[in-house]
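Within every chain, numbering begins at 1; the chains are lettered A, B, ... in the order of the sequence lines, protein sequences first and strands thereafter.
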Protein chains: 2
Amino acid sequence: MELNTTTKISEAVIRRLTDYLRCIRCAGEAGRDMLTSLEISERCGLNASIVRKDLAQFGAYGVKGMGYNVRDLTRQINKILGLDKLKDVVLVGAGHLGTAIIRYPGFADVNFNFIAAFDTDPEKIGKTIGYAKVYPLEELKPFIRKHAIQIVVLTVPSSEAQAIVNDLDPGYVKGVLNFTAVIFPPKQNNMFVHNIDLAKELEVISYCMKNCLSQGS
Amino acid sequence: MELNTTTKISEAVIRRLTDYLRCIRCAGEAGRDMLTSLEISERCGLNASIVRKDLAQFGAYGVKGMGYNVRDLTRQINKILGLDKLKDVVLVGAGHLGTAIIRYPGFADVNFNFIAAFDTDPEKIGKTIGYAKVYPLEELKPFIRKHAIQIVVLTVPSSEAQAIVNDLDPGYVKGVLNFTAVIFPPKQNNMFVHNIDLAKELEVISYCMKNCLSQGS
DNA sequence: CCATGTGAAAGCGTTCACAGCG
DNA sequence: CGCTGTGAACGCTTTCACATGG
């Protein structure tokens, strides 16, 4: 039951783990307390073998002949992904997308907590989005220091993205979720940057439709 | 200069192509008219070799000793991805996320045009988001038929997702961009479904921070 | 001389097939 | 008997290294 923390795990595995988590949680809510690798694989559109391999990589959770215990597995995957503790997150750029993200219901499930937003627009400053108050951008740096913020979500116009990232303090910030069209290298200033481009997803589907590619998330 | 349409292209290649497109467009706006595979690779956080392989796969665009012509390359990649023609798209679920998506500035760049939104909330019906009018959900089906809509973006609560997807007419709809937490198989009713989960992206970054994984978008 | 285009080699990730165990 | 856990086979992707050509 020990977690394996030595081996290098690829991002593909991590992404699948998040899918398992979602489908296991869903099955749990439906009253299931055991799930087989086959069931998980079908719900996630995968091969059963890879589900077992992925899970085995972190320690042997399964019971032969039975499957995996929903409760244990949820806890384990949460722990692997580092979702077992509440994480404070701040948003930079309180536009439409930023607002939608703060209000997105899926974040609480995974223990993410938006505690503040930052913007330059005086109209927005002082307002509250969800539980997050909007502060002027100048206060971002001291706020990060004061609250030891480790994760920043970036939803500013693309033109401002670089300057903000440059100015983040790598002594505190370890991860940036970048929703702008700027492509940052995966490691910037010792911070993990994760680029998300909503248009990209539509572009991929455009190609899939044009030609014929069978591929999932 | 002919496009290769026979070989099977993996989704990984397509995703990189969208990155190339973005960084090439950006370089073009900065006044560059030639780019080398090395420059593209650095901007996208990749190896130069794979950039050349990807591009060569669709025909030889490069000029030896010089690099790639920005203007031509943009046009070619747009064509490969099927972004060369304007596409009408509808949104189902006019909540915060849906609103943000319609207003997201990146879609016009790639010729996506949100022409309507659908919702059950009487408060929202009749209003306009961007250029899209909000209609009652009942009108989705006839609207799709009337306007021959091929792409649907789904931003409804997760509990309603399955019913809506089941009810889409595969005679018209070829692609669904699913923002709900429900995981759909990549092909549902002969439609391409692409699952996007915003929480997933934070989960991945959470893991990256906890352990140490170097990986990009 | 410089950067492309491309075989050949290396590295990864997935699938298969089955032994082992409850 | 059913399902996990896993070595071994397979196939795909990426990287290397260099011949080719403007």
Side-chain angles (χ1 to χ4, degrees), chain A residues 1-4 7-20 24 27 32-70 72-73 76-77 186 213-217, chain B residues 1-4 7-20 23-24 27 32-70 72-73 76-77 186 204 213-217:
Chain A
M1 274 302 190
E2 276 306 297
L3 289 187
N4 173 348
T7 1
K8 263 256 161 153
I9 309 297
S10 75
E11 184 171 331
V13 176
I14 299 305
R15 301 192 84 88
R16 285 197 298 268
L17 241 36
T18 67
D19 288 342
Y20 303 160
I24 291 161
R32 303 289 306 273
D33 50 35
M34 292 298 271
L35 274 180
T36 67
S37 60
L38 185 66
E39 286 176 292
I40 297 172
S41 71
E42 283 169 351
R43 286 162 186 251
C44 297
L46 299 166
N47 179 297
S49 226
I50 207 166
V51 175
R52 293 198 296 274
K53 270 250 163 80
D54 286 346
L55 297 179
Q57 207 165 152
F58 299 100
Y61 306 135
V63 184
K64 299 196 180 192
M66 299 295 288
Y68 299 84
N69 179 286
V70 166
D72 288 352
L73 198 48
Q76 296 287 5
I77 297 178
L213 182 73
S214 333
Q215 260 290 352
S217 154
Chain B
M1 275 302 191
E2 277 303 299
L3 289 187
N4 173 349
T7 0
K8 264 260 161 148
I9 310 298
S10 76
E11 183 173 331
V13 176
I14 299 306
R15 301 192 84 88
R16 284 196 299 267
L17 242 35
T18 67
D19 288 342
Y20 303 160
C23 95
I24 292 161
R32 304 289 306 273
D33 51 35
M34 292 298 270
L35 275 180
T36 68
S37 61
L38 185 67
E39 285 177 292
I40 297 172
S41 72
E42 282 169 351
R43 286 161 186 253
C44 296
L46 298 166
N47 179 298
S49 225
I50 206 167
V51 174
R52 294 198 296 274
K53 270 249 163 77
D54 285 347
L55 297 179
Q57 206 164 155
F58 299 102
Y61 307 136
V63 184
K64 297 194 183 194
M66 297 297 287
Y68 299 84
N69 179 285
V70 166
D72 287 354
L73 197 49
Q76 296 287 5
I77 297 178
V204 173
L213 183 72
S214 332
Q215 260 290 352
S217 153

Return the minimal non-hydrogen interatomic distance between Leu38(B) and Ala48(B), and the atom names on each side.
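Leu38(B) and Ala48(B) have their closest heavy atoms at CA-CB, 3.9 Å.
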Cys44(B) and Cys23(B): which non-hydrogen atoms are nearest, and at how many Å?
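Minimum heavy-atom contact is SG-SG, 3.9 Å.
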Mind calculating the distance between CG (Leu35(A)) and P (dC3(D)) to the nearest angstrom?
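Going from CG in Leu35(A) over to P in dC3(D) covers 12 Å.
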My understanding is that only residues two or more places apart in sequence, or in another chain, count here; which of them pass side chain to side chain contact (heavy atoms under 4.5 Å, CB included) with Ala12(A)?
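If we apply the side chain to side chain contact (heavy atoms under 4.5 Å, CB included) test to Ala12(A), skipping adjacent residues, the hits are Ser10(A), Arg16(A).
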Gap separating the OG atom of Ser41(B) from the CG atom of Asp54(B), nearest 0.5 angstrom:
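One finds 11.5 Å between OG of Ser41(B) and CG of Asp54(B).
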Quick check for you: to the nearest 0.5 Å, what is the distance between Glu11(A) atom CD and Ile14(A) atom CD1?
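Separation between the atoms: 8.5 Å.
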Report yes if some heavy atom in the side chain of Leu73(A) is under 4.5 Å from a heavy atom in the side chain of Tyr20(A); otherwise report no.
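Leu73(A) vs Tyr20(A): side chains apart.
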Expected output: side-chain Glu39(A) to main-chain Thr36(A) donor-acceptor under 3.5 Å:
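Yes; judged by distance alone, with no hydrogens or angles, the pair exists.
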Can you check nucleotides 20-22 of chain D for protein contacts, nitrogen or oxygen pairs under 3.5 Å, and list what you find?
from    : atom 1 : to       : atom 2 : distance (Å)
dT20(D) : O2     : Lys64(B) : NZ     : 3.3

So if I define the base as every atom that isn't primed, P, OP1 or OP2, how would nucleotides 10-18 of chain D read as a B/S/- string at a heavy-atom cutoff under 4.0 Å?
---SSBBB-
Opening and closing nucleotides of DNA chain C in contact with chain B, under 4.0 Å to non-hydrogen atoms
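Counting from the 5' end, contacts occupy dC2(C) to dA8(C).
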Tyr68(A) side chain N/O closer than 4.0 Å to the phosphate oxygens (OP1, OP2) of dG5(D)?
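For Tyr68(A), the contact criterion (side-chain N or O under 4.0 Å from OP1 or OP2 of dG5(D)) is met.
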With sequence neighbours excluded, what pairs up with Arg43(A) under the salt bridge (Lys or Arg N to Asp or Glu O under 4.0 Å) test?
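Arg43(A) satisfies salt bridge (Lys or Arg N to Asp or Glu O under 4.0 Å) with no residue once adjacent residues are dropped.
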Using the rule given for side chain to side chain contact (heavy atoms under 4.5 Å, CB included), can you reason through Gln76(A) versus Phe58(A), listing the C-alpha separation, both sets of side-chain angles and the distance that settles it, and then say yes or no?
CA-CA 9 Å; Gln76(A) 296 287 5; Phe58(A) 299 100; over 6 Å; no
Could you give the side-chain donor-acceptor pairs of residues 63-70 of chain B under 3.5 Å, partners two or more places apart or in another chain?
from     : atom 1 : to       : atom 2 : distance (Å)
Asn69(B) : OD1    : Arg71(B) : N      : 2.9
Asn69(B) : OD1    : Asp72(B) : N      : 2.9

